[in-house]
Amino acid sequence: MATTRRFDVRDTALAPEGLGRIEWADRQMPVLAAIRERFETEQPLQGYRVSACLHVTSETANLMRTLQAGGADLVLCASNPLSTQDDVAAALVEEYGISVFAIKGEDNDTYYQHIEAAVDHKPQLTMDDGADVIGVLHSARREQLGDVIAGTEETTTGVIRLKALERDGALGFPVIAVNEAKTKHLFDNRYGTGQSTIDGIIRATNLLLAGHTIVIAGYGWCGRGVALRAKGMGAHVVVTEVDPLRALEAVMDGYQVLPMAGAAEIGDVFVTATGDKSVITREHMERMKDGAILANTGHFNVEIEIPALRSLAVETRTVRPLLEEFRLEDGRSLFLIADGRLVNLAAAEGHPAHVMDMSFANQALCAEYAVENAAKLEPKVYDVPREIDDEIARLKLETMGVEIDRLTEEQAKYLASWDEGT
Ligand SMILES: NC(=O)c1ccc[n+]([C@@H]2O[C@H](COP(=O)([O-])OP(=O)(O)OC[C@H]3O[C@@H](n4cnc5c(N)ncnc54)[C@H](O)[C@@H]3O)[C@@H](O)[C@H]2O)c1
């Protein structure tokens, strides 16, 4: 069913492999599949132009199929130069006739040209992971702001950027912060990032975590997940934080908490998960042990000061795919995974489909909600409506065959009253 569409992917001949992976992921995304089936009948997005800027993975492909089933006219570009699965991009073009602009390993210029291509689609709905499409619409393409009904945002860093835009009174249309749904960050950021970050580090290095010291910067949703899984694999986990509450939580969860300057001296593996910049600096690198491995799982590759690492090095070489050695003047070597890009997506396959099922169910239902409620929404950052969150949790439990108790009428009354104490 290939149609002649605009696209830029590595090689359309990769489509059969991509199709296999998309279908495999689909088996673990039953909530999204149920929404797709309803969308096919109800066509809630009929004729709407949607520009999506997401990691181009097999799970995203199933979201694209769902939006397409709902009638959307779609363009997809990558939200990171290293996270694209080229075979999946090919299958979306060849098998589903969707315009895709994404090539794994594309340079910065191509990355931004691809975002421009998505903006050229004149979106009425935007779907971002890191707010790059919204960023272009609010800078170089302000004349298009009026066309956009609403946007959705997938990740913590994107939500932070959009809230800054909102605070400045500069947000041009309503955006729903999908990341803030409980059925997103409690599962995707924690269990998804937790497992897949460890997966990426192991694929890139084949390191045995047991007995090694892993330093995790940031004890937010992602950091907690990485710490939990690293601990389970026998690593000694050290956490660094700037927020006293989160640091206290890490202490009570049984981890050693140190400032980065102290952690730098004892870590074998470092993972940044903060959404902040310059978390690992030149001073920290100067204190690290020979052989220390550096990885980032936060959205942008600014958490580790990579220019500092490059300037410290007297020699660099790639020792394994996506693992670069930096030999320093004093003879020590530090190793950086995937140029400091999201390690779980660059060196592994991103979050497993089982959690992306919920994240992308949120995306699909929020797109429908935005269209239905366009007249009521103002240019603000909105949380995902509680009913959508609850419905996704209910559907997920149902598809997992898990039953739960229901409140009796008497219990509901008791919980709602202030005077029915004893
Ligand atoms: N790899 C992935 O697939 C994936 C998935 C979801 C989110 N993310 C990204 O990961 C990052 C973290 O997301 P989150 O949901 O865990 O955010 P979060 O806000 O829950 O946690 C971030 C934590 O980092 C801490 N922090 C900030 N600056 C710090 C510093 N200099 N040193 C130590 N700690 C610091 C904050 O206090 C906070 O506790 C974001 O960039 C987000 O977009 C990545």
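Start at 1 and go down the list; that is how both ligands and their atoms are numbered.
- For atom 21 (O) of ligand 1, the closest heavy atom belonging to the protein is Gly220 CA, 3.1 Å.
- Residue-ligand proximity, Thr240 to ligand 1, at heavy-atom distances under 4.0 Å covers atoms 33 (C), 34 (N).
- Counting heavy atoms closer than 4.0 Å to ligand 1, residue His351 contributes side-chain atoms (C-beta onward) but none from N, CA, C or O.
- Glu153 places a side-chain N or O within 3.5 Å of a backbone atom of Gly130 that can act as its donor or acceptor partner.
- Within a 6.0 Å radius of NZ in Lys182, other residues, nucleotides and ligands contribute 12 heavy atoms or fewer.
- Side-chain N/O atoms of Asn80 and His55 include no donor and acceptor closer than 3.5 Å.
- Ligand 1 places these atoms under 4.0 Å from at least one heavy atom of Glu241: 23 (C), 24 (O), 25 (C), 33 (C), 34 (N), 36 (C), 37 (O), 38 (C), 39 (O).
- Nearest protein heavy-atom contact of atom 10 (O) of ligand 1 is Gly298 CA, 3.5 Å.
- Backbone and side-chain nitrogen or oxygen atoms of Arg246 are examined, and one is located within less than 3.5 angstrom of a nitrogen or oxygen of ligand 1.
- Taking every non-hydrogen atom of Thr155 and a distance limit under 4.0 Å, the qualifying atoms of ligand 1 come out as 6 (C), 7 (C), 8 (N), 9 (C), 42 (C), 43 (O).
- In this structure, His114 and Phe101 have tilted ring planes: the angle between them lies in the 30° to 60° band.
- The closest protein non-hydrogen atom to atom 20 (O) of ligand 1 is Trp221 N, 3.1 Å.
- In this structure, the side chain of Lys277 does not engage the main chain of Ile304 through any donor-acceptor pair within 3.5 Å.
- Counting the atoms of ligand 1 from 1 in the order shown, those under 4.0 Å from a heavy atom of Asp276 are 28 (N), 29 (C), 30 (C), 31 (N).
- Residues Phe173 and His138 place their aromatic rings such that the two centres sit under 6.0 Å apart.
- Legend: residues meeting side chain to side chain donor-acceptor pair (under 3.5 Å) with His185, ordered by chain and number and at least two apart, are absent.
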Name each donor-acceptor pair under 3.5 Å that joins a side chain in residues 323-330 to protein atoms two or more places apart or in another chain, with its distance.
| from | atom 1 | to | atom 2 | distance (Å) |
| --- | --- | --- | --- | --- |
| Glu324 | OE1 | Arg310 | NH2 | 3.3 |
| Glu324 | OE2 | Arg310 | NH1 | 3.2 |
| Glu325 | OE1 | Arg317 | NE | 2.8 |
| Glu325 | OE1 | Arg317 | NH2 | 2.9 |
| Glu325 | OE2 | Ser333 | OG | 2.6 |
| Arg327 | NE | Glu315 | OE1 | 3.4 |
| Arg327 | NH2 | Glu315 | OE1 | 2.7 |
| Asp330 | OD1 | Arg332 | N | 3.0 |
| Asp330 | OD1 | Arg332 | NE | 3.3 |
| Asp330 | OD2 | Arg332 | NE | 2.9 |
| Asp330 | OD2 | Arg332 | NH2 | 3.2 |

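- Inclusion of Cys222 in the set of residues having an N or O under 3.5 Å from an N or O of ligand 1 is warranted.
- Atom 9 (C) of ligand 1 has His299 N, 3.7 Å as its closest protein atom, hydrogens excluded (heavy atom only).
- Annotation for Gln195: atom CD does not count as buried by contact number, only 12 or fewer foreign heavy atoms lying within 6.0 Å.
- The nearest protein atom to atom 22 (C) of ligand 1, hydrogens excluded, is given as Thr274 O, 3.5 Å; this is a heavy-atom distance.
- Taking a cutoff of 4.0 Å between a charged side-chain nitrogen and a carboxylate oxygen, Arg282 and Glu286 qualify as a salt bridge.
- The protein non-hydrogen atom at the shortest distance from atom 30 (C) of ligand 1 is Val242 CG1, 3.6 Å.
- Taking all heavy atoms of Thr297, Thr197, Thr193 into account, the minimum distance to atom 44 (C) of ligand 1 is reached by Thr297.
- Every atom of ligand 1 is numbered from 1 in the order shown, and the set under 4.0 Å from a heavy atom of Gly275 is 11 (C), 40 (C), 41 (O).
- The protein heavy atom nearest to atom 14 (P) of ligand 1 is Thr156 OG1, 3.6 Å.
- Shown in contact with Thr157 at under 4.0 Å from a heavy atom are these atoms of ligand 1, numbered in order with element: 40 (C), 41 (O), 42 (C), 43 (O).
- When heavy-atom distances to ligand 1 are checked against a 4.0 Å cut-off, Asn344 comes that close only through its side chain, counted from C-beta outward.
- By the 4.0 Å N-to-carboxylate-O rule, Asp389 lies too far from Arg394 to be salt-bridged with it.
- With a 4.0 Å heavy-atom cut-off, ligand 1 is reached by the backbone of Ala273 but not by any atom from C-beta on.
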